[in-house]
There are 4 protein chains.
Amino acid sequence: MSNLPARKLRAGILGATGTVGQRFISLLESHPLFVVHTLGASARSAGQTYGQVVRWKVNVPFTSVVGDLVVQPCEPDRFRDCDVIFSGLDSSVAGEIETAFLKADLAVLSNAKNHRMAPDVPLIVPTANPEHLAVVQHQRARHSLKRGFLVTNANCSTTGLVVVLRALQDAFGPMSHVIVQTMQAVSGAGYPGVSSLDILDNVVPLIDGEEEKMESEVAKILGSVLPDQSGFQHLENTVVSATCNRVAVIDGHTECVSVKFARSAVAADGSQLPPPSVAEVRRVLAEYTSEAQLLQCVSAPKHPITVADRPDRPQPRLDRDTHGGNSVTVGRIRPCPVLDLKFTLLVHNTVLGAAGSSILNAELAVAKGVLKPLDD
Amino acid sequence: MSNLPARKLRAGILGATGTVGQRFISLLESHPLFVVHTLGASARSAGQTYGQVVRWKVNVPFTSVVGDLVVQPCEPDRFRDCDVIFSGLDSSVAGEIETAFLKADLAVLSNAKNHRMAPDVPLIVPTANPEHLAVVQHQRARHSLKRGFLVTNANCSTTGLVVVLRALQDAFGPMSHVIVQTMQAVSGAGYPGVSSLDILDNVVPLIDGEEEKMESEVAKILGSVLPDQSGFQHLENTVVSATCNRVAVIDGHTECVSVKFARSAVAADGSQLPPPSVAEVRRVLAEYTSEAQLLQCVSAPKHPITVADRPDRPQPRLDRDTHGGNSVTVGRIRPCPVLDLKFTLLVHNTVLGAAGSSILNAELAVAKGVLKPLDD
Amino acid sequence: MSNLPARKLRAGILGATGTVGQRFISLLESHPLFVVHTLGASARSAGQTYGQVVRWKVNVPFTSVVGDLVVQPCEPDRFRDCDVIFSGLDSSVAGEIETAFLKADLAVLSNAKNHRMAPDVPLIVPTANPEHLAVVQHQRARHSLKRGFLVTNANCSTTGLVVVLRALQDAFGPMSHVIVQTMQAVSGAGYPGVSSLDILDNVVPLIDGEEEKMESEVAKILGSVLPDQSGFQHLENTVVSATCNRVAVIDGHTECVSVKFARSAVAADGSQLPPPSVAEVRRVLAEYTSEAQLLQCVSAPKHPITVADRPDRPQPRLDRDTHGGNSVTVGRIRPCPVLDLKFTLLVHNTVLGAAGSSILNAELAVAKGVLKPLDD
Amino acid sequence: MSNLPARKLRAGILGATGTVGQRFISLLESHPLFVVHTLGASARSAGQTYGQVVRWKVNVPFTSVVGDLVVQPCEPDRFRDCDVIFSGLDSSVAGEIETAFLKADLAVLSNAKNHRMAPDVPLIVPTANPEHLAVVQHQRARHSLKRGFLVTNANCSTTGLVVVLRALQDAFGPMSHVIVQTMQAVSGAGYPGVSSLDILDNVVPLIDGEEEKMESEVAKILGSVLPDQSGFQHLENTVVSATCNRVAVIDGHTECVSVKFARSAVAADGSQLPPPSVAEVRRVLAEYTSEAQLLQCVSAPKHPITVADRPDRPQPRLDRDTHGGNSVTVGRIRPCPVLDLKFTLLVHNTVLGAAGSSILNAELAVAKGVLKPLDD
């Protein structure tokens with residue numbers, strides 16, 4: 001990995017007591033580039049030690065060093081000596097707080113939805129569209145910042161989908177139609193989140209706002225950076241139809257996807273290309289690689305996409321931790337009688353689908369020289 | 001209900017110890033038309049009382065009368081005095097046994113898949129295509145039977161789907177494309193069926209042979225009876241793409257469906273009709289009725305389709321028992337950005353999706369004069 | 001059933017939107033003695049129809065009559081024309097509200113814990129200690145009431161236990177020691193209650209305050225009415241040790257119990273009786289009957305206790321609904337190497353363990369002439 | 001760790017395709033002392049590669065090296081070049097096969113129950129009674145072996161219990177009475193094991209033979225080696241009463257335990273010691289250490305027992321992986337109103353409770369010079 005800093009970057013974590021915040025802390029334990037330095041949470045928790053206030057739900061305990069940190073209110077002044085800020089804030093407060101942090105020239109990588117669709121805020125899934133990071137320069141210029149920036153990552157369900165769509169789009173050109181149905185884990189709703197009475201022996205066929213997020217975020221992520229790097233050209237001709245369900249799974253979103261490629265439609269001149277074969281798709285997905293691999297980011301999965309061999313895979317319990325939870329597993333690739341092709345994918349919603357993306361985005365920012373230690 | 005017999009019909013149950021067989025027994029307790037008379041199971045169980053051999057998994061216990069019945073081998077001679085036979089046999093043995101029962105002039109209603117696609121065997125979902133019963137006359141003629149017949153019901157996932165598709169097709173004409181993704185209950189796999197290690201904190205994205213069944217059965221069920229009543233004209237221009245998943249639910253299959261109507265395609269002359277509106281679809285589904293209602297069959301649900309009001313419904317645990325498990329609940333009716341329309345449906349897989357359909361088919365057969373007491 | 005009123009009694013339900021309130025409504029649908037008349041809930045819900053505010057979690061829908069009722073604030077004036085009040089209030093508010101209703105001369109049957117241990121408030125499990133109802137006269141005298149009273153039922157876990165202990169105590173004399181470990185359903189915690197993140201693939205080994213409730217309530221329920229009927233003589237020499245756990249079950253508390261009988265201890269004179277045999281215990285439990293059966297209360301289970309034959313029963317999913325959820329199922333009766341005897345019991349925590357007890361207590365009150373229509 | 005061999009020991013695994021066998025393979029990946037060398041399974045699997053025949057259920061995939069191994073029949077000749085044999089065989093075949101391996105002078109560490117109670121077979125929980133290994137010399141003499149031996153580890157539920165009981169016994173003397181009630185994970189039953197229909201929304205209050213195993217194994221494990229090291233003196237005055245339940249948990253057995261110390265009984269001379277206080281017990285458990293720690297075995301947990309601080313712990317999902325699954329977590333230490341003291345413990349049933357114990361026992365055997373490379 002290039003641009004390796006001389007020392008570990010001090011990380012501040014906003015929303016540190018929530019489920020995404022807990023995952024940030026867990027993933028940063030023994031991380032070679034970042035060290036947990038300051039924890040921010042609501043006024044209710046501020047002033048007490050992290051160990052006192054957190055209701056820890058990750059299956060590996062936090063260290064006593066983290067447990068002894070005094071929780072701070074989420075104000076930029078308290079995070080002045082942090083080299084990088086990871087935000088796991090709830091969307092009810094993330095908008096204003098993250099803006100304040102950006103204006104204070106802090107480097108923020110956020111998992112919150114609030115700024116994702118803003119014109120000059122990169123919405124980056126690290127193994128799908130890392131090139132979108134280029135817009136940070138414009139962002140800095142517009143806000144007169146020296147080193148701060150705000151980069152967001154995508155909704156957890158969107159994340160798994162776009163890694164695969166990007167690989168397909170690179171190899172076979174744009175898709176005209178995508179139908180996706182999800183079976184999402186309860187951890188995606190935070191804690192306490194989904195009531196046990198709603199999910200034991202049950203499926204909930206609605207996740208508020210989730211389908212809209214999937215349908216809109218794909219167009220930005222799979223789009224391109226404008227030539228002047230001032231923003232993004234969204235994809236215009238890929239129509240996405242999403243249906244989102246909640247199932248009795250702790251971690252790992254499963255998504256059943258059908259796609260149709262633009263090239264397989266009859267063109268104006270009557271020409272028409274066949275859709276790619278299952279074997280071609282399989283090869284393309286297995287061989288897909290991204291800048292995160294090329295730049296040798298420390299959290300980059302060996303493969304952005306893992307193709308499952310067995311016909312009954314991917315399964316959340318068995319495949320979510322593949323390559324540390326940062327690889328998307330794809331299986332059941334087969335023709336779709338209605339569109340061209342269908343397959344099933346699995347993404348670890350709280351690793352690559354949340355905190356893991358933010359951290360990998362930060363690694364990309366370091367590797368590309370966009371994020372440096374404060375004193376550098 | 002017309003053609004009410006003078007006495008209760010004596011019912012034989014094949015595969016009585018399996019999950020479908022248990023559901024037959026449970027649904028026939030205190031049934032006004034049928035009474036459990038003879039229980040058939042494998043040679044291993046035959047000769048012992050039902051109470052000794054069954055591992056009962058229904059949440060209402062069986063009566064002592066049923067428990068004291070001596071289990072018979074599945075041979076026609078043992079069922080000579082049964083007016084009607086319900087088959088919950090496993091497909092590994094159902095083919096030959098049911099043929100033998102048919103040839104012995106017994107009236108068989110089967111839940112097994114073996115004969116479903118045979119040219120002169122009606123494949124009937126009672127609230128979708130009861131008119132297919134007419135082919136029984138041809139079947140009798142071909143096999144030289146006086147009162148016997150073989151009528152099958154559909155796969156559990158197909159069942160929920162076709163009730164809704166039939167209502168839509170009647171109102172708006174045929175659909176050209178249907179994409180369906182299921183989240184199926186473990187009871188569909190029988191007992192012991194799905195291992196707990198495969199389903200706790202997990203989803204299994206494959207159910208062997210299920211997608212093929214859904215894709216082929218729809219065409220027969222939504223097709224029509226040939227003018228000479230010798231068989232069926234399958235639907236030819238409705239393409240179905242199915243993806244089937246197993247989830248941690250006891251009973252109740254949830255299905256996310258997207259459909260496109262033939263009328264909304266651009267016709268050769270350039271004309272094109274708009275797809276039906278959500279309000280129209282909602283009204284058509286809520287008002288849909290079938291012969292089972294018109295003939296006042298005793299197990300007929302008040303409505304074949306129940307439209308859920310709440311945006312987060314249907315849910316298996318809360319909606320599967322609606323109208324005794326014989327009504328399909330539909331919710332989340334909304335436009336599909338890719339096809340025309342999408343919605344989510346729920347069917348009780350072991351009631352309407354299995355034993356309940358067979359029983360309601362038998363009631364239809366009584367009401368139409370096709371099934372009568374032996375001595376009638 | 002004696003003292004049958006000339007008309008159905010009008011029932012008011014406090015806390016009508018909660019899980020216990022929903023169960024009251026569900027159990028009172030088509031009840032021959034009571035009809036839902038007035039629904040009370042928090043100020044936030046008051047003024048809207050029940051259908052608008054409730055998040056219904058019972059698997060049978062409420063009727064449109066109930067759905068159209070306008071929810072009232074929990075003030076006695078709003079319930080003036082109710083013959084009987086069922087309280088499913090949360091303990092954070094039940095104390096004051098129920099006192100106000102009692103002082104307004106209303107007949108209150110409460111599931112809340114607040115007044116259970118008050119000296120002149122009967123704590124009644126209908127199939128264990130119905131004779132405690134006699135103290136209502138004293139209660140009326142003390143508060144100068146004409147027809148009002150306050151009767152509580154027990155904690156859900158206590159309920160299952162005391163029915164069995166009462167049967168044992170009647171037959172074999174008092175127990176000196178009881179050790180009970182529970183595996184309790186999530187519905188006991190209300191809605192949203194237990195987070196899915198806490199219970200999927202998990203057990204929670206603590207339920208706040210539950211063990212204390214079990215240990216104290218048993219002594220009151222198994223105790224006797226004072227000779228002057230002014231209160232209760234608690235049991236003094238039965239020591240109970242309870243350990244309470246939450247497991248991934250919707251409804252139905254399972255309890256593993258070990259007991260030692262006083263008679264099997266070495267007496268001062270060196271005498272000692274053997275503990276009862278498994279066969280004796282089995283017979284005594286199966287034959288146990290209570291005043292609820294003698295008075296032919298309409299909701300009384302055929303047997304207060306159902307003895308399970310199979311060695312792997314009782315199981316929550318298969319046994320909780322026995323006799324409408326009002327019978328306690330007992331299995332695995334066997335010697336305990338440490339105490340005398342051990343067994344496993346199951347109680348439906350939201351039927352007999354909550355709303356069902358209140359309703360059956362009300363039926364007892366009617367049968368005994370303690371509860372009558374307002375105009376009677 | 002002393003006696004470190006010059007090279008890794010080649011490990012053979014019997015029953016390699018089962019759940020315990022899979023866990024052996026998983027735990028031996030990158031183990032510093034042992035390397036997977038030969039895999040044995042039933043005749044049905046023999047001759048095919050492991051990758052072809054296994055239905056892998058561990059959430060970390062096996063390596064391609066393991067996947068390419070050709071599975072062997074479980075005959076000693078096929079394992080001649082293995083330094084050590086780990087047996088995860090099913091008890092239906094383990095008895096004879098393990099005896100054959102022992103007679104062939106192979107060093108066998110077994111998880112099967114068959115030989116556990118044999119007089120000269122050590123039954124060792126590595127952090128409870130490692131000193132029982134001394135009987136191996138007698139075993140060798142009796143069977144005229146040079147380097148072979150047969151050491152078993154305990155039932156998964158017994159394992160968690162005896163680690164804690166041993167710590168208590170060492171500090172406070174023997175216990176006279178132990179009552180334990182378990183809530184056991186489904187992985188304990190192997191694959192397919194527990195049917196999903198039996199465990200979703202359910203508890204199964206019986207595990208065949210499990211209670212008997214717990215009650216008998218404790219006496220052997222907590223007993224002592226005979227002075228001549230020819231066998232074991234079982235504990236005689238500790239009575240154990242076990243009740244075993246199956247719950248919807250993947251991995252991790254939870255056990256609720258009440259104990260009474262011999263010292264707190266009234267002695268013949270009327271003297272009586274108070275039971276230890278909660279604080280004393282807490283300290284003793286937290287400070288407990290075993291030979292596995294002293295000998296610095298590589299898989300030894302930092303602490304054999306981890307005392308949970310929070311009142312709602314231990315929980316299977318959050319605590320089972322503590323110290324790699326080889327530490328027992330104890331919480332809720334408090335007085336028992338009936339016996340002296342009660343607490344709740346958690347053991348990872350397929351790590352310390354099965355394969356992990358065998359491996360740690362092998363490490364102990366290496367450290368003590370009992371197990372050496374073949375060519376040593």
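Note on naming: letters A, B, ... go to the chains in the order of the sequence lines (proteins, then strands), and numbering restarts at 1 for each one. Model, not experiment: these values are computed from the prediction.
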If you count heavy-atom pairs under 4.5 Å between each of D/Asp201, D/Asp198, D/Thr19 and chain B, which one has the most?
D/Asp198
For chain B, find which of D/Val194, D/Val249, D/Ile199 contributes the most heavy-atom pairs closer than 4.5 angstrom.
D/Val194
Minimum heavy-atom distance between B/Leu197 and D/Gly190, given as atom pair plus value
CD1-O, 3.6 Å
So which heavy atom on D/Ser195 is nearest to which on B/Pro192, and how close?
OG-O, 2.8 Å
I'd like to check D/Ile250 versus B/Asn202 (side-chain heavy atoms, cut-off strictly below 4.5 Å). Are they in contact?
no
A side-chain contact here means heavy atoms from C-beta on lying under 4.5 Å apart; do D/Leu200 and B/Leu200 qualify?
yes
Has B/Arg310 got more than 12 heavy atoms of other residues, nucleotides or ligands less than 6.0 Å from its CZ?
yes
